[in-house]
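This structure is a prediction, so every number in the text was calculated from the model and none was measured.
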Amino acid sequence: MTDIFALSPDESAQRVEDEAARLVECATEDIRAIGRLQSYGFLLGVDEETGTVTVASANAEHYLGRTLRDESDRLGWILDHASAVDPVRAEVDGKTVEVIVHRGTSPLLVECEFVVDDLEYARTAAVGAIERVAAVDDIDELPLVAAREIKAITGFDRVMFYDFHADGHGQIVADEREPDMVPYFGLHFPASDIPSQARALYVEKRSRVIADTDDPGVDVLTLLPEERPVDLGPTELRASSPHHLVFMRNMGQAATLSLSLVEDGKLVGLITCAHRTPRRLPVLLRRALEVLAAQVTAQRTLLQRVRTLQRRIDTQERLSGVLAALFERADAGEALTTGEHTLLDIVPADGVVVRLSGEVHTVGLVPPPASLFRAVGLLGDGRHAVEALPLQHPEAAAAIPGIAGLLVVPLDRDDVIVFVRNEVVQTVEWLGDQRPENREHALSPRRSFSAWSESVAGHSLPWGTHAQDAFEFGDRLRSALASREQAELALRDPLTGLYNRRFLEQLLSTMSAEDYDTTSVIFLDVDDFKGINDTHGHATGDTVLRVLAQRLRGSVRDEDRVIRLGGDEFLIVCAETDVAEARGIAERALATVARPIRAEGETLSVRVSGGLVTGGTDIVTSADAAMYRAKKAGGGRISL
């Protein structure tokens, strides 16, 4: 069983620092101008204007200064017609070689790989592999199938499929190997294992051979000026960095073949074939494997887009479900945090806090909102997706202990949604012990590549694509709230802020017969309001109406609706009430509006008459009639 090591914060910080140093150190090595070749072939550099050989590997030094077109018609034809993609077989210096011409290089680089009969693998196997890979429709199965097919074609001891994560580090997502080899499936490796300049070359050149880690190689000789190093980046024979050769030997690899996985000009992964003894494949088979790797990349991209589309459809359904409740409920905050669909349907989290118009609502397990908003304030303005709060923002983490993940979605003004996730101790399986003890020094390769597990604290589960879902929801919520506000304004009386007659019509249109049976309506009318206007002026009358509206709202239940029909007429709609309950509401309303009103420097006494009806589809008309009976009886009372 693999031991699990929990590194201290200081050890973790040192690891990060060492990894950054390795990335810088590796990036400074000019592997394109390394000046050496592997010895399973030779290289010539030809000045295209004169045809003169100006560059040659040491094992072809005798060509320096000679003109290739003068050597033979065959070589002249090859110089004019061959390419790196389509090599030509020829006899050169009594040896059978595959001639590879790199168009666009200066000087024109010409490689000759020695042909060995024992290495004549059948390329037809790659065609069948491409067909079988094309039939895979499961994105998770595709790397496994591809690795298995390539191992069968090449005969290498191990074939690994790497994925690169957003931070540059990699993970082995397929590992086809001989039975006696240690499994690497699922293991992670640091970004410095494949540094930036190597990744750039993998984008440019889609396969890379290291035939023998013990090959001393051959020097590249040149007649060119010393300040003009030969760019060996495009070549097949380019020697490797000594650092990388030590890395391979420590892994027990004598030979490798790597195939690039490039999507939209970016290296997204690698397929690496490894062998415990020297091994190489003929160039035409490598070209066939490059096609297979391109097929795998294209197919994986397509399957990922299908998966993304399916996820987007699901996300849109969840977003729409939450937003739909917004138009069905009076309180926007409650609509987002209670009921069948809540904000936690959009983003899986331990809890969420939403602040709208100063009101705070929560769902799930959350810290005290005041502490949470204090921590959010320390992060600064804007959107945030934090997965390691104690490590990235310790001052904010101190306000909300135990919380490691914050997803902050700002709305308008002080309105905000905050998703929280608790700290989760995670275990990461690495390809080799990542501690300094496993290296000669901080910049050297790891000695051992046995699986090593690291316990990582201070992190939450990653937000991943859920962060974008939350930000998109924030954008849609802002628009929905604006639309809701506009719709709300159309249903409100501009003088009092109460609901208006249009709202009443909409409300009644949605009620069923059963709803009517349990609904009470209280119809109120100010006695002699015309006299108030005539005596004290319309400004005073408007003040009286605003005060009455405020008092009526304060006298009813939260679920009751207070409506201004127009002029001095008001309506209270009480759902789920009987006559006795409704009468109590009506009497409270009458009592509160009867208190003296201070308006425009004067104190006025106002009386209101009301009619109360419970049940019946003509409930408003009946309540209106009851109100007139109250007026005829002297006013200032409720009539049933």
Can you check whether [X] reaches [Y] side chain to side chain, under 4.5 Å on heavy atoms?
X	Y	result
V347	F473	no
Q392	H384	no
L232	L37	yes
L284	P87	yes
D469	R311	yes
V101	E111	no
D163	R300	yes
L281	C273	no

Side chain of [X], backbone of [Y]: donor and acceptor closer than 3.5 Å?
X	Y	answer
T54	L223	no
D93	K95	no
N59	G41	yes
R36	G217	yes
R280	V209	no

Which heavy-atom pair separates [X] from [Y] by the least distance, and what is that distance?
X	Y	value
I34	R238	CG2-CG, 3.9 Å
S241	I31	CB-CG2, 4.4 Å
L109	G45	CD2-CA, 4.2 Å
V409	G474	CG1-CA, 3.7 Å
G186	Q171	O-NE2, 3.2 Å
R199	A191	NH2-O, 3.3 Å

Please output the side-chain donor-acceptor pairs of residues 129-138 that fall under 3.5 Å, not counting sequence neighbours, one pair per line with the distance.
unit_1: R132; atom_1: NE; unit_2: E149; atom_2: OE1; d: 3.3
unit_1: R132; atom_1: NE; unit_2: E149; atom_2: OE2; d: 2.6
unit_1: R132; atom_1: NH2; unit_2: E149; atom_2: OE1; d: 2.9
unit_1: D138; atom_1: OD1; unit_2: D140; atom_2: N; d: 2.9
unit_1: D138; atom_1: OD1; unit_2: E141; atom_2: N; d: 3.4

Side-chain donor-acceptor pair under 3.5 Å between [X] and [Y], yes or no?
X	Y	answer
S240	R208	yes
Q38	E113	no
S39	D215	yes
H165	D167	no

### Task
Fit a plane to each ring of F164 and F189, take the angle between them on a 0 to 90° scale, and name the class: parallel (under 30°), tilted (30 to 60°) or perpendicular (over 60°).
perpendicular
### Task
Measure the acute angle between the ring planes of F156 and H275, then classify it against the limits of 30° and 60° as parallel, tilted or perpendicular.
perpendicular
### Task
Report the C-alpha distance between V46 and Y63 in whole Å, list the side-chain angles of each, state the deciding distance to 0.1 Å, and finish with yes or no for side-chain contact (heavy atoms from CB on, under 4.5 Å).
CA-CA 10 Å; V46 181; Y63 279 102; over 6 Å; no
[X] and [Y] ion-paired at < 4.0 Å:
X	Y	value
R279	D157	no
E440	R447	yes
R446	D433	no

#### Entry: Stepwise side-chain contact (heavy atoms from CB on, under 4.5 Å) test for L289 and L292
CA-CA 5 Å; L289 292 173; L292 175 55; 4.3 Å; yes
Output a table of donor-acceptor pairs, distance under 3.5 Å, between side-chain atoms of residues 260-271 and any protein atom two or more places apart or on a different chain; print 'none' if there are none.
unit_1: S260; atom_1: OG; unit_2: Y202; atom_2: O; d: 2.6
unit_1: S260; atom_1: OG; unit_2: K205; atom_2: O; d: 3.4
unit_1: E263; atom_1: OE1; unit_2: T301; atom_2: OG1; d: 3.2

How long is the span from the [atom1] atom in [X] to the [atom2] atom in [Y], to the nearest 0.5 Å?
X	Y	atom1	atom2	answer
Q253	L245	CD	CG	11.0 Å
D175	K151	CG	NZ	10.0 Å
L431	Y184	CG	OH	6.0 Å
S83	R103	OG	CZ	7.5 Å

### Test log, rule salt bridge (Lys or Arg N to Asp or Glu O under 4.0 Å), inputs D214 and R249
CA-CA 9 Å; D214 289 328; R249 294 187 196 106; 3.5 Å; yes
### Message
Let's go through D80 and R69 carefully: what are the C-alpha distance in whole Å and the side-chain angles of both, what is the deciding distance for side-chain contact (heavy atoms from CB on, under 4.5 Å) to 0.1 Å, and is it a yes or a no?
### Response
CA-CA 10 Å; D80 294 333; R69 285 186 174 83; 2.7 Å; yes
### Task
Quick one: do I172 and Y162 satisfy side-chain contact (heavy atoms from CB on, under 4.5 Å)? Show the steps, please.
CA-CA 5 Å; I172 300 169; Y162 301 159; 3.8 Å; yes
### Query
Has E437 got more than 12 heavy atoms of other residues, nucleotides or ligands less than 6.0 Å from its CD?
yes
